[in-house]
Every structure is written in C-alpha cells, then in structure tokens.
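Accompanying notes for the structure given below.
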Amino acid sequence: MSADVRSFFGRPIVIGGGIAGLLTALHLAPEPVLILSRTPLGSDASSAWAQGGLAASLGIDDHPALHLADTLAAGDGLCEAEVASRILHAAPDAIETLATVGVRFDRTPEGALRLGLEAAHGRRRIVHAGGDGSGQEVMRALVKAVRSAPSITVVEGVEARRLAVDDNTVRGVWANCSMNPVFLGTGRVILATGGIGGLFLDTTNPSGSCGQGLALAARAGAVLSDLEFIQFHPTALDGPDRPMPLISEAVRGEGATIVDETGQRFLEDLQDAELAPRDVVARAIWKHLSNGHRVFLDGREKPGPTFERQFPTIASACRRAGIDPAHDLIPIRPAQHYHMGGVSVDPDGRSSVAGLWACGEVASTGLHGANRLASNSLTEAVVCARFVANSVAGSPIGVRTRSKAREMPVPNPLSLRPVLSRALGVKRHGEFLRDAVSTLLPLAELHHAASDPAAVGLMIAVAALLREESRGAHFRTDFPDRAVVARRSSLTLDEALATAREFACSSTLEEF
C-alpha cells in the first residue's frame, strides 16, 4: 500500500469490485473515487457468475407495472412497493446505459434485444449476454471502463476490516493488505461486497462471499433488515464441486422439466409447475430428496439439440461432470444462492449510519421482499448504482481523521458452515436455530478469524428465530403458517447479541 493512497482523504471509497461497486464508481465520474477489491478486479465477484441476466420491461407486450406485479407476488407481502416501482421503472434505461458502456447483449437478427422467460415472470423480459454468461459479459465491459476511467483508482488485494465511526458518522476505513494494515480517512463509504454464500456448505456463490460487508455495517452500528430471507436456488448441479455450478432458471424457461429417478414430473401439482417461484420449487425438490428420491433437470427435448448453443456455460459445467445435457438427465439439488436481506437502506442507498451507503446484494432496499424474483438482482444493482452515486455526490466529504492502522484477522467461515447450513437451510426449526445461536454467540464476541462470520450468522439466526411464521424463502417447520400481517424485520448487532444472551439464559434456566 503506497503512501499516496493514504492521502486520498475525502474521496468516496467503494468496497467491493462487482457490478454494483464498479457502476457506482463510474456514475460518480468525474469525481475521484477509490475502489478497494479483495481480489484482482472481477476475479471473485458473484456478479461474474450470474447466468440469468437482467429483468426489465422491454417487450412490446410488457410494462413496468406488470414487472412490478410479478415482483410483488414473488416477494410474498414484504416488498416495499414504492421502492420496487421506482427501481423497475428505471430498469429499461439502465439496460441501455450498460449497452452504452459496451455490454454486448444478445440480439435478434433484426438487432432488437432478445428477451428470455424465467420462473414467475408473466412476460419475456430477461436480457442476456452470451447466452448464460450475462454476468461475465457485464463485468468484462465494466472492468474495462473502470480501468480506463481517470477518476477511478483501483486498489487490489486489499480487504476492509472495520469502519471508523464517531457519533454515528463514518470517519474512515481500516484495511489489511499484503504489506501492512492501513487507515483510509473518508466520510463517504459505499458497501458493494455481495452476499453470504461462503457461510454455507452448498452454495452457488464464490467461497469468499462470506458476508464481510454485513459485518462491516453491523460492527459500525448500522441497522440490518430481512436477514432471515435467504434464497436457495432449486437447480444447482448435484455433484462434488463446491461452489456448486448453477443451472439457470432460463433453462426451465425454455421448456426443461424437473423429474425424479422414475421419470415422474412431481411438480405438476404446483401452480406454474417448474416455473413457480424459487422458494416453492426449492422446497418441493427438498421434500422429494428428503423422501429418498433423486431429482433431475430434463432438457433432452427442450432445449434439446440447442442446449449448448443457448447455455454454453451450463453445458461446459455438465461436460466436466460427465453429462451431455442434450442427451442425459442433469442431477440437481437446491443450494444457497442469494440473500434478500442486508444493510437497511433508504431509496438512495443510505444506511442508518451517516456517510455509509450500500448497493447490490449487501443492501436491503425492499425490492425483493421475502423471495427475489428471478433476474431482479443484477437489475437492482445497475439501477441503484446510479441512485447511490447521485446521493454520494451530493453529500459532504466529512472531517479529516487520523487513526493508527489496526491489524485484524482474515475472516474464515469454514468452521461455521455446518452449523449455519443445518440451521438456516431450505427448511428451519426453532431447536436448530437456538443451537446455532448458542454456538455462534461466544465466537461473535471474540477477536478471532471466525468472529465476523459468526456475528453475521448470529444476526441471521436470531432474525430467523424471531420470525415465527413461514413466508417466502423463510420456512419454519414449527411455524408452518403465514402470519396475517406482513412485517419486515430490522436488527442491529447489539440487539442480536442481547437477544442471543437472553436465549442462552432462558436455556440455562430450563435445565434446572
């Protein structure tokens, strides 16, 4: 870390190198911006792994109001309708912005955007790039644009460890790099760190996505919302590889079906069958697996001979597993895929801590509710990046602060994965959640490599324990009914720790 980087006081600091972070930095131009990326830019971002594309009402038979209706239905009563409407109305223009930046979207021979269909969408509205390589293509274009932007300084191999906060206001970032720890003074920080898949045994996310942005916000005192809502994608390739290769919803949109080892389509009794919302399909597959069956995606007839052309990334993953998707059944199972919860933000991405914004999966905007509609994630990131950039640009740079750099352990969630996978899976039960809370509480209070992942896991487990109903992606086998009144949840780390201690005390008393 060179001394000149430390002298960049007042610049907005973007933490994270995925689509949300890169586009926020580009929208801030010509204001100078610093991007901190834990790995070489674009190499370990969930964004680059996205297959499904971006949802936007671009068809002649479509409208943002129809997109909103599908989003609200999938969100199971917890979407913030006004926020969702604002984001979805801005989505078509955001797609055009990406095209201007250089994203090569798939188009018809006439030059129009090619629109795909995915589960729980009432219209073809999914924009793809490179078939199932949408995230990779968007990242390619954004990385190139960021590398070429004179206003953006990218610092790779650096991971933010803590936010300096005084009087509920951001004063800077403590970060670790290969040489030594460093303190970066700023009054404007944008979290764009992605999700939490690295906390689970079975996930489609990069293993390094272990909720570090949530930990930064939580340790800074920020409010987090809807943490209990974790989406499990119903169709991950069932094999030994971890992370698990994703088989995009778009394959089912093109006609592939889900069958068991007998060839039976056991989802036919569901409304919309294979194209039902993700939480519904994931639970049905989980139940079938739990009853001793195997589950497969059958794309032999549709898309059939065009499978490899339409879905080259998926076809490649299948071939590595010895499967020809045009002729063989593809073994599948649900895997952790996306976190609907995150840092609670207002419509412009501001958190409850002054000078701290969040964008992308790390944020909880209210768009997704209890269950994200397919392909709304990248849409949210590209739309909200502009909202956040506009808000940051209009905010004061803060007060110059000096602080001694602090060495902090590299977060390591490895020992926690079995605990969180058992307690916070497709189906949950209070007994397992309480066990997780008691295991995570002492770890979260230590200065240890597992402490930040434990703090994030603890907050999620407490939120799941407090929600005594089943809604969207949160299903409690001990509370299977949906509450009459829909309510979003909110929690700070201090509140989660206090609640966990109360659970610990009550459990101890029950033993006597």
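Below, all heavy atoms of this structure are taken into account, side chains as well, without hydrogens, waters or symmetry copies. Each residue takes its place number in the sequence, starting with 1.
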When you look at V281 and I258, which way does the side chain to side chain contact (heavy atoms under 4.5 Å, CB included) test go after all the steps? CA-CA 10 Å; V281 177; I258 293 174; 4.1 Å; yes
Will you find, in the side chains of [X] and [Y], an N or O donor that is under 3.5 Å from an N or O acceptor?
{"X": "H337", "Y": "T204", "value": "yes"}
{"X": "T235", "Y": "E249", "value": "no"}
{"X": "R242", "Y": "S207", "value": "no"}
{"X": "E261", "Y": "H293", "value": "yes"}
{"X": "E361", "Y": "S46", "value": "no"}
{"X": "Q231", "Y": "D279", "value": "no"}
{"X": "D202", "Y": "S421", "value": "no"}
{"X": "E118", "Y": "S375", "value": "yes"}
{"X": "T262", "Y": "D260", "value": "yes"}

Heavy-atom check, side chain of [X] versus side chain of [Y], under 4.5 Å:
{"X": "L22", "Y": "M139", "result": "yes"}
{"X": "L420", "Y": "L440", "result": "yes"}
{"X": "V426", "Y": "F232", "result": "yes"}
{"X": "L142", "Y": "L23", "result": "yes"}
{"X": "H339", "Y": "F229", "result": "no"}
{"X": "V165", "Y": "T169", "result": "no"}
{"X": "V189", "Y": "L163", "result": "yes"}
{"X": "E274", "Y": "E268", "result": "no"}

Could you check whether any side-chain N or O of [X] sits under 3.5 Å from a backbone N or O of [Y], counting only pairs where one atom can act as donor and the other as acceptor?
{"X": "R476", "Y": "L465", "answer": "yes"}
{"X": "R219", "Y": "R162", "answer": "no"}
{"X": "N412", "Y": "A450", "answer": "no"}
{"X": "Q136", "Y": "G133", "answer": "no"}
{"X": "R471", "Y": "A483", "answer": "yes"}
{"X": "T203", "Y": "F200", "answer": "no"}
{"X": "S85", "Y": "A81", "answer": "no"}
{"X": "D272", "Y": "L275", "answer": "no"}
{"X": "T499", "Y": "E495", "answer": "yes"}
{"X": "H128", "Y": "G131", "answer": "yes"}

What side-chain donor-acceptor pairs closer than 3.5 Å can you find for residues 51-59, not counting sequence neighbours?
| residue | atom | partner | partner atom | Å |
| --- | --- | --- | --- | --- |
| Q51 | OE1 | S248 | N | 3.0 |
| Q51 | NE2 | L246 | O | 2.8 |

Nearest 0.5 Å, what's the [atom1]-[atom2] distance between [X] and [Y]?
{"X": "L493", "Y": "L458", "atom1": "CG", "atom2": "CG", "value": "7.5 Å"}
{"X": "I87", "Y": "H67", "atom1": "CD1", "atom2": "NE2", "value": "10.0 Å"}
{"X": "D348", "Y": "T365", "atom1": "CG", "atom2": "OG1", "value": "12.0 Å"}
{"X": "L224", "Y": "S489", "atom1": "CG", "atom2": "OG", "value": "9.5 Å"}
{"X": "N376", "Y": "M340", "atom1": "CG", "atom2": "CE", "value": "12.0 Å"}
{"X": "L367", "Y": "E80", "atom1": "CG", "atom2": "CD", "value": "10.5 Å"}

Kindly write out the residues that satisfy side-chain hydrogen bond (donor to acceptor under 3.5 Å, both in side chains) with [X], not counting sequence neighbours, or none if the list is empty.
{"X": "S344", "result": "S225"}
{"X": "D132", "result": "T313"}
{"X": "H474", "result": "R428"}

Please assess R252 against E254 for the test salt bridge (charged side-chain N to carboxylate O under 4.0 Å, His left out), listing each intermediate value before the final yes or no. CA-CA 5 Å; R252 281 174 280 144; E254 295 303 316; over 6 Å; no
Do you know which two heavy atoms are closest between [X] and [Y], and how far apart they sit?
{"X": "R488", "Y": "S364", "result": "NH2-OG, 2.9 Å"}
{"X": "L356", "Y": "A222", "result": "CD2-CB, 4.5 Å"}
{"X": "A256", "Y": "G299", "result": "CB-CA, 4.0 Å"}
{"X": "R265", "Y": "V259", "result": "CG-CG1, 3.7 Å"}
{"X": "Q336", "Y": "N205", "result": "OE1-OD1, 3.4 Å"}
{"X": "L378", "Y": "G135", "result": "CD1-CA, 4.5 Å"}

Tell me, yes or no, whether the heavy-atom count around K427 atom NZ, taken from other residues, nucleotides or ligands under 6.0 Å, exceeds 12. yes
Taking atom CH2 as the centre, does W49 end up with more than 12 heavy-atom neighbours from other residues, nucleotides or ligands that are less than 6.0 angstrom away? yes
N-O pairing of [X] and [Y] below 4.0 Å:
{"X": "R294", "Y": "D238", "answer": "no"}
{"X": "R501", "Y": "E445", "answer": "yes"}
{"X": "R124", "Y": "D61", "answer": "no"}

Under 6.0 Å between the ring centres of H368 and Y338? yes
Set out, in order, the CA-CA distance, both residues' side-chain angles and the distance that settles salt bridge (charged side-chain N to carboxylate O under 4.0 Å, His left out) for R482 and D76, then state yes or no. CA-CA 10 Å; R482 187 169 176 264; D76 204 7; 2.8 Å; yes
All N/O donor-acceptor pairs, side-chain side in residues 384-391, below 3.5 Å, sequence neighbours left out:
| residue | atom | partner | partner atom | Å |
| --- | --- | --- | --- | --- |
| N390 | ND2 | R386 | O | 3.4 |
| S391 | OG | R350 | NH1 | 3.1 |
| S391 | OG | W357 | NE1 | 2.9 |

Taking side chain to side chain contact (heavy atoms under 4.5 Å, CB included) as the test, write out the residues that go with L443, two or more places apart. L416, L446, A454
Could you walk me through whether D62 and R123 pass the salt bridge (charged side-chain N to carboxylate O under 4.0 Å, His left out) check? CA-CA 7 Å; D62 206 358; R123 297 287 188 276; 5.0 Å; no
Report the C-alpha distance between I126 and H121 in whole Å, list the side-chain angles of each, state the deciding distance to 0.1 Å, and finish with yes or no for side chain to side chain contact (heavy atoms under 4.5 Å, CB included). CA-CA 9 Å; I126 315 303; H121 285 274; 3.7 Å; yes
